[in-house]
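Presented below is the structure to which this report refers.
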Amino acid sequence: VMQKIKRSPELGYRVVGFVDDNIDVSAVQTVSVLGNTDALPEVIKNEKINLFTSYHKNSFISPLPKEMEIFAEAVKALETYASTHSQKDLVIGRNLLDRINYTLSLVETHYLFLHEKGPRRGWGSYVINTAPHNGMVIEVPAPLEEWGALESATWLFTSMQCKAMAVGGTKLSINDNGASNTFQNPFTLFSTFHRTLGRRNILQIRGHTAKSIRVLSGQRTTPSLGKT
(Lines give C-alpha, C1' and ligand atoms only; values in the text may rest on other atoms or scores of the structure.)
Protein backbone atom coordinates (compact mmCIF):
# COMPACT_ATOMS: atom_id res chain seq x y z
CA VAL A 1 0.00 0.00 0.00
CA MET A 2 2.77 2.42 0.95
CA GLN A 3 4.62 1.81 -2.31
CA LYS A 4 1.48 2.53 -4.35
CA ILE A 5 0.96 5.79 -2.47
CA LYS A 6 4.61 6.82 -2.97
CA ARG A 7 4.32 6.11 -6.71
CA SER A 8 1.17 8.24 -6.98
CA PRO A 9 1.89 11.67 -5.38
CA GLU A 10 -1.04 13.12 -7.30
CA LEU A 11 -3.35 11.34 -4.83
CA GLY A 12 -2.31 13.81 -2.15
CA TYR A 13 -1.76 11.08 0.48
CA ARG A 14 1.10 10.89 2.96
CA VAL A 15 1.78 7.80 5.08
CA VAL A 16 2.01 8.73 8.77
CA GLY A 17 2.85 5.29 10.20
CA PHE A 18 1.99 1.62 10.46
CA VAL A 19 0.71 -0.34 13.44
CA ASP A 20 0.21 -4.07 12.96
CA ASP A 21 0.33 -7.32 14.94
CA ASN A 22 2.76 -8.77 12.39
CA ILE A 23 5.40 -6.09 11.97
CA ASP A 24 7.81 -6.28 9.07
CA VAL A 25 10.14 -3.32 9.53
CA SER A 26 11.75 -3.81 6.13
CA ALA A 27 8.36 -3.42 4.44
CA VAL A 28 7.67 0.03 5.84
CA GLN A 29 11.16 1.47 5.20
CA THR A 30 11.30 5.04 6.50
CA VAL A 31 7.88 5.03 8.21
CA SER A 32 8.17 4.61 11.97
CA VAL A 33 6.59 1.50 13.49
CA LEU A 34 4.99 2.12 16.88
CA GLY A 35 3.92 -1.41 17.83
CA ASN A 36 1.02 -3.80 17.54
CA THR A 37 -2.71 -3.15 17.72
CA ASP A 38 -2.65 -3.03 21.54
CA ALA A 39 0.05 -0.39 21.47
CA LEU A 40 -1.31 2.85 23.00
CA PRO A 41 -0.61 2.03 26.69
CA GLU A 42 2.88 0.88 25.72
CA VAL A 43 3.45 4.00 23.61
CA ILE A 44 2.43 6.20 26.56
CA LYS A 45 4.66 4.18 28.89
CA ASN A 46 7.63 4.76 26.59
CA GLU A 47 6.75 8.44 26.36
CA LYS A 48 6.92 8.71 30.16
CA ILE A 49 10.38 7.12 30.09
CA ASN A 50 11.41 9.69 27.49
CA LEU A 51 10.16 12.48 29.74
CA PHE A 52 12.21 11.19 32.66
CA THR A 53 15.38 10.87 30.60
CA SER A 54 15.11 14.22 28.80
CA TYR A 55 14.43 16.80 31.51
CA HIS A 56 17.00 18.76 33.50
CA LYS A 57 16.98 21.99 35.45
CA ASN A 58 15.50 24.90 33.44
CA SER A 59 15.08 22.63 30.40
CA PHE A 60 11.59 23.88 29.52
CA ILE A 61 11.72 26.29 26.58
CA SER A 62 8.76 28.63 26.26
CA PRO A 63 7.10 28.41 22.83
CA LEU A 64 6.88 31.52 20.71
CA PRO A 65 3.42 32.96 19.98
CA LYS A 66 3.78 31.85 16.35
CA GLU A 67 4.60 28.30 17.45
CA MET A 68 1.49 28.16 19.63
CA GLU A 69 -0.55 29.47 16.70
CA ILE A 70 0.84 26.78 14.39
CA PHE A 71 0.11 24.10 17.00
CA ALA A 72 -3.48 25.31 17.40
CA GLU A 73 -4.01 25.20 13.63
CA ALA A 74 -2.57 21.68 13.50
CA VAL A 75 -4.89 20.50 16.27
CA LYS A 76 -7.88 22.05 14.49
CA ALA A 77 -6.95 20.28 11.26
CA LEU A 78 -6.63 16.94 13.04
CA GLU A 79 -9.93 17.51 14.86
CA THR A 80 -11.54 18.07 11.47
CA TYR A 81 -9.88 14.91 10.18
CA ALA A 82 -11.33 12.99 13.12
CA SER A 83 -14.85 13.90 12.01
CA THR A 84 -14.46 13.88 8.21
CA HIS A 85 -11.50 11.49 7.69
CA SER A 86 -10.34 13.74 4.88
CA GLN A 87 -6.72 12.92 4.03
CA LYS A 88 -6.20 16.58 3.15
CA ASP A 89 -6.77 17.61 6.77
CA LEU A 90 -4.45 14.88 8.00
CA VAL A 91 -1.66 16.10 5.71
CA ILE A 92 -2.23 19.71 6.78
CA GLY A 93 -1.98 18.75 10.43
CA ARG A 94 1.13 16.65 9.84
CA ASN A 95 2.91 19.42 7.94
CA LEU A 96 2.06 22.06 10.54
CA LEU A 97 3.36 19.86 13.35
CA ASP A 98 6.56 19.25 11.44
CA ARG A 99 7.18 23.01 11.44
CA ILE A 100 7.35 23.04 15.24
CA ASN A 101 9.43 19.86 15.58
CA TYR A 102 6.54 17.48 16.31
CA THR A 103 5.86 14.03 14.89
CA LEU A 104 2.41 12.69 14.09
CA SER A 105 1.98 8.93 14.43
CA LEU A 106 -0.96 6.58 14.02
CA VAL A 107 -1.60 4.07 16.81
CA GLU A 108 -4.20 1.29 16.86
CA THR A 109 -5.66 2.63 13.59
CA HIS A 110 -7.63 5.43 15.28
CA TYR A 111 -5.36 7.32 17.70
CA LEU A 112 -3.31 10.24 16.41
CA PHE A 113 -0.27 10.61 18.66
CA LEU A 114 1.47 14.01 18.66
CA HIS A 115 4.92 13.97 20.24
CA GLU A 116 8.13 15.96 20.20
CA LYS A 117 11.18 15.18 18.15
CA GLY A 118 14.55 15.63 19.81
CA PRO A 119 15.82 17.76 21.37
CA ARG A 120 12.76 17.96 23.62
CA ARG A 121 11.60 21.29 25.00
CA GLY A 122 9.05 20.04 27.51
CA TRP A 123 5.98 20.89 25.43
CA GLY A 124 4.04 17.68 26.08
CA SER A 125 2.43 14.91 24.08
CA TYR A 126 -1.14 14.60 22.89
CA VAL A 127 -3.56 11.98 21.60
CA ILE A 128 -6.60 12.63 19.39
CA ASN A 129 -9.13 9.84 18.98
CA THR A 130 -10.56 9.66 15.46
CA ALA A 131 -13.41 7.39 16.62
CA PRO A 132 -14.42 8.76 20.04
CA HIS A 133 -17.47 7.63 22.00
CA ASN A 134 -17.80 10.98 23.77
CA GLY A 135 -16.45 14.52 23.77
CA MET A 136 -14.39 14.30 26.95
CA VAL A 137 -10.80 15.52 26.99
CA ILE A 138 -8.49 14.05 29.63
CA GLU A 139 -5.55 16.08 30.91
CA VAL A 140 -2.46 15.01 32.87
CA PRO A 141 -0.62 18.22 33.83
CA ALA A 142 1.95 16.57 36.14
CA PRO A 143 2.84 13.09 34.80
CA LEU A 144 6.28 13.04 36.44
CA GLU A 145 5.47 14.33 39.93
CA GLU A 146 2.15 12.63 40.59
CA TRP A 147 2.45 8.85 40.89
CA GLY A 148 0.00 6.82 38.83
CA ALA A 149 -1.69 9.84 37.22
CA LEU A 150 -0.57 9.08 33.65
CA GLU A 151 -1.31 5.37 33.91
CA SER A 152 -4.79 6.06 35.32
CA ALA A 153 -5.48 8.63 32.62
CA THR A 154 -4.44 6.24 29.85
CA TRP A 155 -6.72 3.53 31.23
CA LEU A 156 -9.67 5.92 31.44
CA PHE A 157 -8.98 7.34 27.99
CA THR A 158 -8.91 3.94 26.28
CA SER A 159 -11.74 2.44 28.36
CA MET A 160 -14.11 5.36 27.76
CA GLN A 161 -12.80 6.10 24.24
CA CYS A 162 -12.57 9.82 24.98
CA LYS A 163 -12.04 12.53 22.42
CA ALA A 164 -8.46 13.48 23.32
CA MET A 165 -5.75 13.36 25.96
CA ALA A 166 -3.06 15.91 26.87
CA VAL A 167 0.09 14.99 28.81
CA GLY A 168 2.41 17.61 30.31
CA GLY A 169 5.96 17.53 28.97
CA THR A 170 8.10 18.07 32.06
CA LYS A 171 8.05 18.69 35.80
CA LEU A 172 5.97 21.68 36.87
CA SER A 173 8.86 23.15 38.84
CA ILE A 174 11.70 22.36 36.45
CA ASN A 175 12.21 26.05 35.54
CA ASP A 176 13.17 28.56 38.22
CA ASN A 177 11.04 31.26 36.54
CA GLY A 178 7.84 29.18 36.74
CA ALA A 179 7.38 28.97 32.96
CA SER A 180 7.10 25.18 33.09
CA ASN A 181 4.12 25.27 35.48
CA THR A 182 1.08 24.60 33.30
CA PHE A 183 -1.25 25.76 36.09
CA GLN A 184 0.32 29.22 36.21
CA ASN A 185 1.54 29.78 32.66
CA PRO A 186 -1.17 30.05 29.96
CA PHE A 187 1.43 30.36 27.21
CA THR A 188 2.23 26.69 26.72
CA LEU A 189 1.20 24.07 24.17
CA PHE A 190 -0.63 22.23 26.96
CA SER A 191 -2.81 25.31 27.52
CA THR A 192 -3.16 25.81 23.76
CA PHE A 193 -4.47 22.27 23.38
CA HIS A 194 -6.90 22.90 26.25
CA ARG A 195 -8.22 26.09 24.65
CA THR A 196 -8.50 24.50 21.21
CA LEU A 197 -10.21 21.22 22.11
CA GLY A 198 -11.36 21.20 25.68
CA ARG A 199 -12.78 24.38 27.13
CA ARG A 200 -15.59 22.21 28.47
CA ASN A 201 -15.99 18.53 29.30
CA ILE A 202 -12.52 18.26 30.84
CA LEU A 203 -11.37 15.56 33.22
CA GLN A 204 -8.03 16.38 34.81
CA ILE A 205 -6.23 13.44 36.41
CA ARG A 206 -4.19 14.34 39.50
CA GLY A 207 -2.26 12.34 42.04
CA HIS A 208 -1.40 13.30 45.61
CA THR A 209 2.17 14.02 46.63
CA ALA A 210 3.55 14.34 50.17
CA LYS A 211 3.39 18.12 49.77
CA SER A 212 -0.21 18.20 48.54
CA ILE A 213 -1.34 15.90 51.35
CA ARG A 214 0.19 18.23 53.94
CA VAL A 215 -1.55 21.22 52.35
CA LEU A 216 -4.93 19.49 52.21
CA SER A 217 -4.63 18.42 55.82
CA GLY A 218 -3.72 21.93 56.91
CA GLN A 219 -0.10 21.08 57.67
CA ARG A 220 1.96 23.70 55.85
CA THR A 221 5.23 22.31 57.15
CA THR A 222 6.39 18.83 58.04
CA PRO A 223 5.74 18.30 61.76
CA SER A 224 8.74 17.66 63.97
CA LEU A 225 9.21 14.34 65.74
CA GLY A 226 7.73 14.22 69.23
CA LYS A 227 5.18 16.98 68.58
CA THR A 228 1.44 16.47 68.19
*Using a strict cut-off of less than 4.0 Å between a Lys/Arg side-chain nitrogen and an Asp/Glu carboxylate oxygen, indicate whether R206 and E146 qualify as a salt bridge.*
yes

*Set of residues satisfying ring-ring contact (aromatic ring centres under 6.0 Å, His included) with respect to H85, sequence neighbours excluded*: Y81

*Who passes salt bridge (charged side-chain N to carboxylate O under 4.0 Å, His left out) against K76, sequence neighbours left out?*
E73

*Just jot down the side-chain hydrogen bond (donor to acceptor under 3.5 Å, both in side chains) partners of N177, sequence neighbours excluded, or say none.*
none

*Roughly how far, to the nearest 0.5 Å, is the CD atom of E139 from the CG atom of L203?*
9.0 Å

*Sorted by first residue and then second, give each ring-ring contact (aromatic ring centres under 6.0 Å, His included) pair with at least one member in residues 158-178; sequence neighbours left out.*
none

*asked:* If the condition is side-chain hydrogen bond (donor to acceptor under 3.5 Å, both in side chains), which residues does S191 pass it with, not counting sequence neighbours?
replied: T188

*asked:* Test of understanding: with salt bridge (charged side-chain N to carboxylate O under 4.0 Å, His left out), list the residues that count as partners of R99, not counting sequence neighbours.
replied: none

*How long is the span from the CG atom in N175 to the CG atom in N58, to the nearest 0.5 Å?*
5.0 Å

_Close side-chain approach of L97 and L78, heavy atoms under 4.5 Å_ = yes

*Single-linkage hydrophobic cluster F187~I61, side-chain heavy atoms < 4.5 angstrom*: no

*Among side-chain atoms of H115 and E47, is any donor-acceptor pair under 3.5 angstrom?*
no

*Given T80 and I92, is the side chain to side chain contact (heavy atoms under 4.5 Å, CB included) satisfied, shown in steps?*
CA-CA 11 Å; T80 301; I92 290 173; over 6 Å; no

*ring-ring contact (aromatic ring centres under 6.0 Å, His included) partners of F157, counting only residues at least two apart*: Y111

_CE on M165 to CE on M136, rounded to 0.5 Å_ = 13.5 Å

*Residues two or more places apart in sequence or in another chain: which of them pass salt bridge (charged side-chain N to carboxylate O under 4.0 Å, His left out) with K48?*
E151

*Listed by chain and number, what are the side-chain hydrogen bond (donor to acceptor under 3.5 Å, both in side chains) partners of N101, not counting sequence neighbours?*
none

*Heavy-atom distance under 4.5 Å between the side chains of N185 and F190, does that happen here?*
no

*P132 and K163: which non-hydrogen atoms are nearest, and at how many Å?*
CB-CA, 3.8 Å

*Any pair with a residue in residues 122-136 that passes side-chain hydrogen bond (donor to acceptor under 3.5 Å, both in side chains), sequence neighbours left out, goes on the list, sorted by first then second residue, please.*
N129-Q161

Mind listing the side-chain donor-acceptor pairs of residues 65-72 below 3.5 Å, one per line with the distance, residues two or more places apart or on another chain?
| from | atom 1 | to | atom 2 | distance (Å) |
| --- | --- | --- | --- | --- |
| E67 | OE1 | L64 | N | 2.7 |

*Give me the other members of the hydrophobic cluster that L172 sits in, counting Ile, Leu, Val, Met, Phe, Trp and Tyr linked by side-chain heavy atoms under 4.5 Å, directly or via other members.*
F183

*When rounded to the nearest 0.5 angstrom, what distance separates CG in N201 from CD1 in I138?*
10.0 Å

